[in-house]
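Okay, structure first, notes after.
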Amino acid sequence: MEIYSTLTRSKEDFVTINDNRVNLFVCGPTVYDDAHIGHGRTYISFDTIKRYLEYKGYAVFYIQNVTDIDDKIINRSKESGIPSDELARKFEKRYREDMAKLNVNGVNLFARATDHMPEIIDQIQRLIDKGFAYETEDGVYFEIDTFDEFGKLSNRNVEELESHREIAETTKKNHQDFALWKKREGVDEPTWPSPWGDGRPGWHIEDTAITEYYFGEQYDVHGGGLDLIFPHHEAEITQMEAVSGKSPMVRYWLHTGFLNVNGEKMSKSLHNFITIRELLESYEPDTFRFFVLSTHYRSPIDFSKDSLHQSERSLERIRKFYEQLDVEVGDETYECDALAPHMKEFFDSMDDDFNTPKAIAAIFGLINDTKNELDDLSGEEKMAIKAFLDDASHILGVSFESEEVNAGSDDLLNLISEVRSELRANKQYDLSDKIRDNLQSLGYEIND
RNA sequence: GGCAAGUUUACCGAGUGGCUAGGUGUGUGGCUGCAGACCAUAAUACGGGGGUUCAAGUCCCUCACUUGCCUCCA
């Protein structure tokens, strides 16, 4: 299996640190508002990656941090009058509800920043002790001049960055030095005691404190959105490798591409901000999930109603095919010659940096190859196909079961259907068509 | 200005030098009273210009354009 890592900008063989164990960390949300469909894209991608690793036999431990203390939360708290901890809990809860609806359920541990203050403070103290960080009157900062490799993930160097220096902030030695600890500024903000006085942690330190605590100094995979490469992930590498003296902190850096809306970046000022909740008012979660997986996780993806509709139709085709496999699958393994090449393509594609669009194409290849010969296949062959589709469905996290609208189960619908049949027999098509149209607008489909 | 990712047929979207990606949409035919669904079938490609090669969407150079990051951001 090969995985593309941002650090080396190339695909590399996937080799874990400890046998079949994979320690996976993904940057979670800052919980100050509802999650949007861009978050959805990212977390669906990593959920699918985790599902696939588990399918391959790895024991994956997936941690996501929850940033529940941050400027944005404090500001929102002041605006709304809701205490910041209450606000953070509320949106964390809503975030997890949204994820559950999208069938994103692979996270083993949600680690809140505020639950890891001792680890955060301890890591900062060690950075100071080792001479990588210094205290000023308003906080504790990492001194990037002490760490030569700052910039290796994002391909930047300090000199270039300095050309963008704005008005110097007085307490920092260097403009690029980033905060590890921010000292209290006012009375109405949440603080924690520390050796440097009351205050709160900087944004980057929570992640390395959490991963060091649960995974140790080095681990396998770190993921997040493309926009986190700089400065966030760069700072993480800097902190962790400085404190541990070991490199690399992470073997594989995975970054998801952005989700744009109608070709534009999603932003509040453009009024094209779509939350997961809003989306799910109009679309099935599986449709969105299938839409996301129809593009490679690293590529940008353009969200539009038209694209979502295409995904809806594509998924329908798979479901119709699946419905025709009128067999029950047991625990045995089954053989089917017609399936083999498509199954191979599916798994080869997934092995190639989780190429879900290609894997999905393999499913369609299977459908096109076998849809007309299903009656000629043996029960065992059909079971093989069904077992494969069940696996694929589970890996992708998208159900291939049709939404059951069973006319036969409902007496009233049966009656209407019978009346319509009589009308058709009598060639009263205007009336029968009216019934059909009305039933369709109610969400019922008629197959004559 | 620096860094990064892109530019594939109507649209979405894979493509690891030579063999049909796939989907959606559209056309045509079949089935239908009609429509849908379904079945069959067809068409439309690799941003421009150079180069390497027996052979390039795929490698190299160059130009153009798009997007993102460089400040919080999934």
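Chain naming here is simple, since letters A, B, ... match the order of the sequence lines and numbering starts at 1 in each.
For B/G22, the paired nucleotide is B/C12, the pair qualifying as Watson-Crick or G-U wobble because both relevant distances are below 3.5 Å. Using Watson-Crick or G-U wobble geometry with both donor-acceptor distances under 3.5 Å, B/A45 finds no partner in any strand shown. The partner of B/C38 is B/G30, judged by Watson-Crick or G-U wobble contacts that both fall below 3.5 Å. A 3.5 Å limit on both hydrogen-bonding distances identifies B/A64 as the Watson-Crick or G-U partner of B/U7.
Here the separation of B/A14 from B/U8, taken at their P atoms, is 11 Å to the nearest Å. Nucleotides B/G49 and B/U7, compared at atom C1', are 16 Å apart to the nearest Å. Separating the C1' atom of B/C39 from that of B/U32 is a span of 13 Å, rounded to the nearest Å. Using C1' as the reference atom, B/G57 and B/U20 are 15 Å apart when rounded to the nearest Å. If you take atom C1' in B/A5 and the same atom in B/U9, they sit 23 Å apart, rounded to whole Å. Between B/G22 and B/G15, the two P atoms lie 15 Å apart (nearest whole Å). Across B/A43 and B/G36, the matching C1' atoms stand 24 Å from one another, rounded to whole Å. Taking atom C1' in both B/G29 and B/C61, the straight-line distance is 50 Å, to the nearest Å.
Residue contacts shown for A/Phe291 are absent, as no nucleic acid heavy atom lies under 4.0 Å away. Residue A/Lys11 is classed as having no contact, given no heavy-atom separation below 4.0 Å to the nucleic acid. Residue A/Gly38 is in base contact, counting any heavy-atom pair closer than 4.0 Å across all strands shown. If you check every strand for non-hydrogen atoms under 4.0 Å, A/Lys358 touches a base. Among the protein residues, A/Ser299 comes within range of the sugar-phosphate backbone only, with heavy atoms under 4.0 Å from sugar or phosphate atoms but none that close to a base. If you check every strand for non-hydrogen atoms under 4.0 Å, A/Asp433 touches a base. Looking at heavy-atom distances under 4.0 Å, A/Arg298 makes no contact with the nucleic acid at all. Within the 4.0 angstrom heavy-atom criterion, only backbone atoms of the sugar-phosphate kind lie near A/His296; the bases stay farther away. Base contact: A/Leu259 has a heavy atom under 4.0 Å from a base atom. The residue A/Asp71 sits apart from the nucleic acid: no heavy atom pair falls under 4.0 Å. Residue-level contact check: A/Arg317 touches the backbone only, with heavy atoms under 4.0 Å from sugar-phosphate atoms and none from bases.
Put simply, the side chain of A/Arg9 and the base of B/A4 share no donor and acceptor less than 3.5 Å apart. Side-chain N/O atoms of A/Arg424 and base N/O atoms of B/G33 include a donor-acceptor pair closer than 3.5 Å.
Ring pair A/His39/A/Tyr43 is parallel by interplanar angle, where below 30° counts as parallel and above 60° as perpendicular. Between A/Tyr297 and A/Phe46, the angle of the ring planes lies from 30° to 60°, which puts this pair in the tilted group.
Of the residues near RNA chain B, A/Asp352 and A/Leu315, the one whose nearest nucleotide (by heavy atom distance) lies more toward the 5' end is A/Asp352. Both A/Ala362 and A/Asp430 sit near RNA chain B, but only A/Ala362 has its closest nucleotide nearer the 5' end.
In this structure, CZ of A/Phe364 is placed 18 Å from P of B/C12, rounded to the nearest angstrom. Atoms CZ (A/Phe230) and P (B/U71) sit 6 Å apart, rounded to a whole Å. As a whole-Å value, the separation of A/Glu234 CD from B/C70 C1' is 12 Å. Per the geometry, CZ belonging to A/Phe321 stands 11 Å off P belonging to B/C39, to the nearest Å. The distance between atom CD1 of A/Ile367 and atom P of B/U24, rounded to the nearest whole Å, is 9 Å. In this structure, A/Asp13 places its CG atom 17 Å from P of B/U16, rounding to the nearest Å. Atoms CD1 (A/Ile363) and P (B/A14) sit 16 Å apart, rounded to a whole Å. Summarising the geometry, the separation between CG on A/Leu226 and P on B/G68 is reported as 11 Å, rounded to the nearest angstrom.
Among the candidates A/His36, A/Glu92, A/Gln64, the single residue satisfying the side-chain contact (heavy atoms from CB on, under 4.5 Å) test with A/Pro29 is A/Gln64.
Centre separation under 5.5 Å together with a plane angle under 30° holds for the ring of A/Tyr429 and the six-membered base ring of B/G33, marking them as stacked.
Considering only the side chain of A/Arg436, B/C34 comes nearest among B/A74, B/C72, B/C34. Comparing B/A14, B/C38, B/A74 by their nearest atom to the side chain of A/Lys320 picks out B/C38. Which of B/G33, B/A40, B/A5 sits closest to the side chain of A/Asn372 comes down to B/A40. If you check B/C3, B/A37, B/C69 against the side chain of A/Arg313, the one that comes closest is B/A37. Minimum atom distance to the side chain of A/Asp306 is reached by B/C11, of the listed B/G13, B/G25, B/C11.
The aromatic ring centres of A/Phe178 and A/Phe142 sit less than 6.0 Å apart. You'll find the ring centres of A/His296 and A/Tyr4 outside the 6.0 Å limit. Taking the centre of each ring, A/Phe346 and A/Phe388 come in below the 6.0 Å mark. The six-membered or imidazole ring of A/Phe91 lies away from that of A/Tyr32, with a centre-to-centre distance of 6.0 Å or more.
For the pair A/Glu97 and A/Arg277, the salt-bridge criterion is met [side-chain N within less than 4.0 Å of a carboxylate O].
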Check the pair A/Leu377 / A/Ile385 against side-chain contact (heavy atoms from CB on, under 4.5 Å), numbers first and verdict last. CA-CA 10 Å; A/Leu377 293 179; A/Ile385 293 172; 3.7 Å; yes

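Phosphate proximity of B/G15 to A/Asn355: present, with a side-chain N or O under 4.0 Å from OP1 or OP2. Side-chain N/O atoms of A/Lys371 include one lying less than 4.0 angstrom from OP1 or OP2 on B/A40.
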